[in-house]
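Only heavy atoms go into these numbers, but all of them, side chains included; no hydrogens, no water, no symmetry mates. The residues of the chain are indexed from 1 along the displayed sequence. The model shown is predicted, which means the values in this text are computed figures rather than measured ones.
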Amino acid sequence: MSVGGTGKDQKFTLSVAGGTVQDVKGHHQSPSQGEGEGRPARVVEFTTPRAKLIEEANSAIHADLQGFPKALAAYDLLRTDPEALAHWDMANYITMRKLGYNDHGRVHAFITGAASMAITELLLEAGVKGDVMESGVGDADDMYLVVILGTMLHDIGNQIHRVGHEAHGVVLALPIIDRILGTLYADPFKRAKVRSFVLGAINSHDLNPPPLTIEGGITAVADGTDITKGRGRKAFALGSVDIHSISALAVDQVVIERGRHLPVLINVTMNNSAGIFQVEEVLAPKVIRTPLRPFVELRATTRPHGEEQILSRVRLDGDHFVMDLGGGEEVTVEIEDTQKKVTEAIAQNLGVSTDSR
């Protein structure tokens, strides 16, 4: 099977059609290159065996990091680091085997790594600089380095426990990051500053607390894009039959591309409107509660077959979804952001305002 060709604006496509895990595709082209002059489209097969997917994701990330020597060197050191490899495997053991969740190991790390590179590229193309650049600490190469390390290490804390996995991840990532950065930054002053951005991305990827930097926002949003049936079917096969696994089976495709009005457009295609749970609970909060909110458009559509067409399209508008129903009606619905509601409830109980924090 195949996926439709990627246009010049598409940077990353995670597609699962016809009930099988299929492709991740992307097109890399810099603003100065005309159509057809950029590097060849990159394709990552999202399929079994896992080694094939990781191999293809590795090639995709390598293509994106050409021209960014520090980031590429950091990535190559990370993907072969024995401690990182062990962390990914153990995080997956706890989340999948003990909790019945979906993939949080190597495959998830590489998929989100590729997605984060696409988002970073689109932001930089649009003139949106990361905080590592705005702060004067580094340049675009440093930004790519922060994002790839933060994104690929963000879930390793799950091996200790799902509860508090963000903080656990910071502790576990420290020796790996120090080992990698120690070979790339001779100045310990700059090295410590760059490390702080990586650790911040890991600590805030699940919005607990919400990220404060662009790099942290990229990690969170990239994490939220891995919501297709290719990931959910694993948990489903292990017996986790709940709204998370079922709704994940309803998501066929996630495309990250150049936006029409904003730098980044994330398009989600569902085979069933049950997939809106994934968009609402997983992806949308990671857009609206991060510094990426002014730069990302989010749209979700259902394929015109497979179920009675109740919902045709959803788009994110501020804190609300605007839904186009099958009959032509338009409905505005507030996003059910569970973590935000918990934060507001705690703040109310303490007698403080969430806006002032």
Side-chain angles (χ1 to χ4, degrees), residues 68 70-71 74-75 77-78 81 83-84 87-88 91 104 108-109 112-113 115-117 119-121 123-124 128-160 162-182 184-185 187-226 264 285-296 339-340 343 354 357:
F68 302 100
K70 278 186 294 189
Y75 167 70
L77 288 169
L78 175 65
D81 187 277
E83 196 171 351
H87 287 336
W88 286 324
H104 285 74
H108 179 56
T112 55
S116 73
M117 295 293 91
I119 296 170
T120 302
E121 180 185 349
L123 291 174
L124 286 172
V128 180
K129 297 179 180 180
D131 281 276
V132 72
M133 300 170 69
E134 288 289 353
S135 65
V137 170
D139 55 17
D141 196 356
D142 299 298
M143 180 180 175
Y144 273 102
L145 178 147
V146 166
V147 171
I148 195 64
L149 292 183
T151 301
M152 293 193 68
L153 290 170
H154 75 269
D155 261 342
I156 62 174
N158 281 286
Q159 66 186 283
I160 296 178
R162 180 64 181 173
V163 176
H165 74 282
E166 306 95 337
H168 297 322
V170 168
V171 175
L172 293 169
L174 262 173
I176 299 173
I177 296 169
D178 282 341
R179 194 158 52 241
I180 292 172
L181 298 189
L184 300 173
Y185 295 89
D187 180 4
F189 185 69
K190 180 174 181 176
R191 183 167 67 242
K193 288 188 173 184
V194 170
R195 184 182 68 178
S196 72
F197 287 103
V198 181
L199 297 177
I202 295 170
N203 189 55
S204 60
H205 76 271
D206 218 18
L207 309 182
N208 185 33
L212 301 175
T213 65
I214 291 290
E215 290 84 356
I218 295 171
T219 292
V221 173
D223 181 32
T225 62
D226 192 11
V264 180
K286 294 198 171 189
V287 173
I288 66 175
R289 296 186 61 210
T290 73
L292 262 61
R293 178 174 176 170
F295 311 116
V296 176
Q339 290 188 352
K340 181 180 179 181
T343 301
T354 56
R357 293 182 304 119

According to ring-ring contact (aromatic ring centres under 6.0 Å, His included), who are the partners of [X], at least two apart in sequence or on a separate chain?
X: Phe68; result: Tyr144
X: Phe197; result: none
X: His87; result: none

Check: Asn158/His168 side-chain N/O donor and acceptor closer than 3.5 Å: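 There is no such pair between these side chains.
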
For [X], check side chain to side chain donor-acceptor pair (under 3.5 Å) against everything at least two apart and list the hits.
X: Lys70; answer: Asp142
X: Asp139; answer: none
X: Ser116; answer: none
X: Glu83; answer: Arg179

Kindly give the heavy-atom pair with the smallest separation between Leu149 and Ala74, and that separation in Å.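 Taking every non-hydrogen atom into account, CD2-O, 4.1 Å.
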
Worked check of side-chain contact (heavy atoms from CB on, under 4.5 Å) between Leu292 and Ile119: CA-CA 10 Å; Leu292 262 61; Ile119 296 170; 4.0 Å; yes

CG/Leu174: more than 12 non-hydrogen atoms of other groups inside 6.0 Å: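 Enclosed: over 12 neighbouring heavy atoms sit under 6.0 Å from CG of Leu174.
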
Donor-acceptor pair, side chain of [X] and main chain of [Y], under 3.5 angstrom:
X: Asp141; Y: Ala71; value: yes
X: Asp131; Y: Glu134; value: no
X: Gln159; Y: Trp88; value: no
X: Glu215; Y: Val132; value: yes
X: Ser204; Y: Leu207; value: no

Any pair with a residue in residues 187-198 that passes side-chain hydrogen bond (donor to acceptor under 3.5 Å, both in side chains), sequence neighbours left out, goes on the list, sorted by first then second residue, please.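 side-chain hydrogen bond (donor to acceptor under 3.5 Å, both in side chains) check on residues 187-198 returns Asp178-Arg195.
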
Under the side chain to side chain contact (heavy atoms under 4.5 Å, CB included) rule, collect the residues that match up with [X], sequence neighbours excluded.
X: Leu77; result: Ile180, Thr183
X: Pro291; result: Pro211, Ile214
X: Ala173; result: Leu153, Ile156, Ile177, Ile202
X: Ala115; result: Phe12, Ala222, Thr225, Ile256

Which distance, rounded to the nearest 0.5 Å, do you find between the CG of Leu145 and the OG1 of Thr120?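 Reported to 0.5 Å precision, the distance equals 11.5 Å.
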
About how many Å separate CG of Asp81 and CE of Met152, when rounded to the nearest 0.5 Å?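 Between Met152 CE and Asp81 CG, I get 11.0 Å after rounding to 0.5 Å.
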
Report the C-alpha separation of Thr290 and His205 in whole Å, then their side-chain angles, then the decisive distance to 0.1 Å, and conclude whether the side-chain contact (heavy atoms from CB on, under 4.5 Å) test is met. CA-CA 9 Å; Thr290 73; His205 76 271; over 6 Å; no

Stepwise side-chain contact (heavy atoms from CB on, under 4.5 Å) test for Leu181 and Val194: CA-CA 9 Å; Leu181 298 189; Val194 170; 4.3 Å; yes

Aromatic centroids of His104 and His154 separated by under 6.0 Å: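 Not close enough - the centres of the two rings lie 6.0 Å or further apart.
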
Taking the side chain as C-beta and beyond, is there a heavy-atom pair between Thr151 and Met117 under 4.5 Å?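 The answer is no, as the side chains (C-beta and beyond) never meet within the 4.5 Å cut-off.
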
Between Arg162 and Asp206, is there a side-chain heavy-atom distance shorter than 4.5 Å?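 The answer is yes, as the side chains (C-beta and beyond) meet within the 4.5 Å cut-off.
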
Could you walk me through whether Leu172 and Ile160 satisfy the side-chain contact (heavy atoms from CB on, under 4.5 Å) test, starting with their C-alpha distance in whole Å, then the side-chain angles of each, then the deciding distance to 0.1 Å, before giving a yes or no? CA-CA 10 Å; Leu172 293 169; Ile160 296 178; 3.9 Å; yes

